[in-house]
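I have placed the structure first, in the form of structure tokens, so that the comments after it can refer back to it.
Whatever order the structure lists ligands and atoms in, that order sets their numbers, starting from 1. Reckoned from all heavy atoms, side chains included, excluding hydrogens, waters and symmetry mates.
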Amino acid sequence: MQKVIIAGERRAEVAEAPDPVPVEDWALVRVEVAPMCTEYKAWLAGGRHESIGHEAVGEVVAVAQPCRVRVGARVVVQPQYPCGTCRLCRAGDYIRCLRPYSFAAFTGSPDGQACMAQYVLKPSWLLSPIPDEVSYLHAGLAICGLGPTFGAYEIAQLGAFDTVLLAGMGPVGLGGVINARYRGARVIALEPLPWRQAKARELGADHVLDPRDEDVLQQILDLTDGEGARCAVDCAGTLEAQRLLLQATRAGGWMIFVALAVEPFEVKGTPDLVQTGVKLAGAWHYNLNDYPKLMQVIREAPGLDAMITHVFGFSQVQQAFETSASHESAKVMLEPWR
Ligand SMILES: [Zn+2]
Ligand SMILES: [Zn+2]
């Protein structure tokens with residue numbers, strides 16, 4: 001099969017690899033769409049990466065034994081290799097599995113783990129069915145396109161009477177606009193880059209503010225009866241965004257961390273939490289039991305085609321990475337068979 005590798009700084013290539021072979025209750029999926037996510041960071045940084053990509057949708061083409069999927073099923077390939085038996089896996093929160101598989105040790109090969117490849121191997125219980133009327137491209141939004149903010153909104157139980165404050169209009173934040181509008185919530189988006197500001201408006205953000213404005217906090221308060229938003233979600237991952245969101249979350253509201261930020265963020269018990277009653281949470285993915293709800297968003301929400309700004313074949317992989325790193329793209333999709 002063919003797979004994408006990062007061969008060095010700003011160099012993505014297509015390489016040959018052995019076809020993976022299904023084992024036990026793991027199934028082999030022919031990848032039809034591999035959505036691009038954070039991989040551009042490795043492409044920018046350089047080094048050699050033989051196994052990249054964690055998002056895929058496709059068709060089950062082989063199984064080793066009777067399992068949870070049949071050959072021919074169209075499926076979303078859920079991320080990671082969780083055990084399926086620990087407390088968190090059984091509760092649907094498999095993304096935080098206590099005992100994930102070592103892929104190569106279990107399958108006997110490192111190939112089949114990366115999603116930017118023509119085939120991928122996955123425990124069959126992590127292959128979620130795609131309804132007939134949903135295209136592979138739209139289904140490709142069921143992982144990091146719409147998943148993290150869907151998970152965040154489930155935590156906050158975001159609904160039509162709420163305002164959500166969303167920082168960072170990269171692909172994950174833009175997915176947060178789609179999810180919020182589907183729930184009927186009002187969206188205040190924070191984004192400094194003009195292309196992303198325009199895309200947020202196109203997807204239905206009610207207000208798009210520039211977080212570099214000196215009076216941005218006051219602008220948010222003016223839009224929220226002086227109280228701030230009941231739900232604030234960080235898809236930016238910067239300390240500036242996090243500080244602003246914490247200040248702009250109303251008493252008793254939720255501040256939810258989605259971006260994979262590494263800088264230490266200082267929160268004081270007093271006055272940040274005790275006096276305000278603000279609740280902090282992290283959302284990485286969504287609970288697997290909520291998959292049918294997320295698929296309902298994908299079937300019914302407007303704006304999915306506007307969210308998918310680029311589709312490239314493997315033969316254009318270098319251009320795909322340039323686009324993904326440009327900050328002038330929303331979700332970029334790879335099609336491995338052309
Ligand atoms: Zn587990
Ligand atoms: Zn992702």
For the pair Tyr81 (side chain) and Pro123 (backbone), establish whether a donor and an acceptor sit closer than 3.5 Å, ignoring hydrogens and angles.
no
Between Glu191 (side chain only) and Arg196 (backbone N and O only), is there a donor and an acceptor less than 3.5 Å apart?
no
Any donor and acceptor pair, going by atom type alone, linking the side chain of Lys331 with main-chain N or O of Leu304 inside 3.5 Å?
no
Cys231 and side-chain contact (heavy atoms from CB on, under 4.5 Å): which single residue from Leu158, Thr163, Ile155 fits?
Leu158
Just to be careful: counting only protein atoms that are N, O or S, how many fall under 2.8 Å of the Zn ion (ligand 2)?
4
Can a donor-acceptor pair be found, under 3.5 Å and without considering hydrogens, that links the side chain of Trp337 to the backbone of Val31?
yes
Residue-atom pairs from the protein, N, O or S only, that lie under 2.8 Å from the Zn ion (ligand 1):
Cys83 SG, Cys86 SG, Cys89 SG, Cys97 SG
Looking at Lys3 and Glu50, does any basic side-chain N land under 4.0 Å from a carboxylate oxygen?
yes
Determine, for Arg183 against Glu154, whether the closest basic-nitrogen to carboxylate-oxygen distance falls under 4.0 angstrom.
yes
Can a salt bridge be assigned to the pair Asp162 and Arg230 using a cut-off of 4.0 Å between side-chain N and carboxylate O?
yes
Only one of Val29, Val21, Thr107 clears side-chain contact (heavy atoms from CB on, under 4.5 Å) with Leu121; which?
Thr107
